[in-house]
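In the text below, chain A, chain B and the rest are named by the order of the sequence lines, each starting its count at 1. Not measured: the values here are computed from a predicted model.
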There are 2 protein chains.
Amino acid sequence: MERKNTEGLLRQRLKEKGLKVTHQRILVLSVLEQNGGRHMTAEDIYELVAEDYPEIGLATVYRTLQLLWDMQLVDRINLDDGCVRYEIGHLCGGETKHNHHHLICRECGKVIPFDADLLDDLEHHIEKATGFHVLDHELKFYGLCSECMNKTE
Amino acid sequence: MERKNTEGLLRQRLKEKGLKVTHQRILVLSVLEQNGGRHMTAEDIYELVAEDYPEIGLATVYRTLQLLWDMQLVDRINLDDGCVRYEIGHLCGGETKHNHHHLICRECGKVIPFDADLLDDLEHHIEKATGFHVLDHELKFYGLCSECMNKTE
DNA sequence: ATCTGTGCAAACGTTTTGCATCCTA
DNA sequence: TAGGATGCAAAACGTTTGCACAGAT
């Protein structure tokens, strides 16, 4: 599977918009890239970037994540635990083609990733029916995980 | 379409759990029932209940919504605008059988409801493959609405 | 009479903002 | 060197919690 140069993509898009390439922006994206499978909070990212670049501020991380999201370089997920999470964007050529969804247990709160790719048809249908151009989706299932099911019954 | 007596359902479930039937609980559910199509924040609900029952507190609304959600009498939606929203539960026999999803425009933030019912197969597949018992789902599509598409190009 | 539920206000944790300074272009 | 970007601290925001009192069973 082809893998794009994510940093190069960032540089290019910043240039297009007349924005500046800073260490902080490069580092935030690079941390997300190196943690492909994880769903990271701003705080998580802040701590990891701070290992290499201790003078970074949390506010900068928030501002950068917003920017990267606007540019479609990162994906956003909300697991209903009070903070937004980020991961490297599916457009960046990460191995997860963003067909993974989440099963959230109502009882114990566990989050189980689940892969499926039945949404492409639906996206095409939406585009035809409404003129809305779909870029991304977020699908969550709520219910009871097998352990909690057994405990309850 | 059959329509259940939602208040009766609440009374019954409270009794089952040994919890008390209070005006506040009845009123919160009834406001949600009367605003079937809307996605209401705790604040919205608080203000409407307060018209009939001014002494209610916002904390009670939050506690009640949590309770109603635990009992599966209301659905929760997160439209990424910083607050959780609620609507009358699809189990209560509301006319929306909860096959309506949301298209969120990245440009202007508009939220467009969209009906589709292609998720039942996927839910069955999940139950078989993982043992996770699905009760509910939340599906959001992010992209560009037709107006913003035309503006950009 | 008991014990859950409530209202109020304070606390909480995440995210945003104002402003002086820094640094990329 | 000019204007966007940053770090810091304070503010803002939705939501939760502690506690004394009220009210349902």
- Test A:E87 against A:R76 for salt bridge (Lys or Arg N to Asp or Glu O under 4.0 Å), laying out the working first. CA-CA 7 Å; A:E87 63 184 344; A:R76 242 184 194 162; over 6 Å; no
- Note on the structure: If each end axis of the helix from C:dA1-D:dT25 to C:dA25-D:dT1 is fitted on five C1' pair positions, the angle between them, to 10 degrees, is 40°
- Query: Can you tell me how far P of C:dT16 sits from CG of B:D80, to the nearest Å?
  - Reply: 12 Å
- Residues two or more places apart in sequence or in another chain: which of them pass salt bridge (charged side-chain N to carboxylate O under 4.0 Å, His left out) with A:D80? A:K140
- Item | Nearest-angstrom distance from the residue atom CG of B:N78 to C1' of D:dG14 | 11 Å
- Query: Whole Å only: how far is the OH atom of A:Y46 from the P atom of C:dT14?
  - Reply: 14 Å
- Is there a side-chain polar atom (N or O) of B:Y62 under 4.0 Å from OP1 or OP2 of D:dT16? no
- Query: Does the side chain of A:D75 reach to within under 4.5 Å of the side chain of A:E138, using non-hydrogen atoms?
  - Reply: no
- Item | Residues forming a salt bridge (charged side-chain N to carboxylate O under 4.0 Å, His left out) with B:R38, sequence neighbours excluded | none
- Separation of C:dT14 atom C1' from A:R85 atom CZ, nearest Å, is 12 Å
- Message: Quiz question: by atom type and distance under 3.5 Å, do the side chains of B:Q24 and B:T60 form a donor-acceptor pair?
- Response: no
- Message: Please report the interatomic distance SG(A:C145) to CD1(A:I104), rounded to the nearest 0.5 Å.
- Response: 12.0 Å
- Can you run down the ring-ring contact (aromatic ring centres under 6.0 Å, His included) pairs that involve residues 26-68 of chain B, sequence neighbours left out, and say none if there aren't any? B:H39-B:H100, B:H39-B:H102
- Query: Can you check the A:L27 CG to D:dG7 P distance for me, whole Å?
  - Reply: 10 Å
- Item | Footprint string (nucleotides 1-7 of chain C, 5' to 3'): B base within contact, S backbone only, - free, heavy atoms under 4.0 Å | --BBSSB
- Applying side-chain hydrogen bond (donor to acceptor under 3.5 Å, both in side chains), name anything that partners A:Q34, two or more places apart in sequence or on another chain. A:S30
- Task: May I have the distance from A:I26 (atom CD1) to D:dA5 (atom C1'), rounded to whole angstrom?
- Result: 14 Å
- Task: Ignoring the backbone of B:V21, work out which of D:dT25, D:dT15, C:dT14 is nearest its side chain.
- Result: D:dT25
- Write down the distance between CD (A:E43) and P (C:dG13), rounded to a whole number of angstrom. 11 Å
- Between CG of A:D44 and P of C:dG13 the distance, given in whole Å, is 16 Å
- Could you pull out the closest heavy-atom pair between A:Y142 and A:R106, with the gap in Å? CB-NE, 4.1 Å
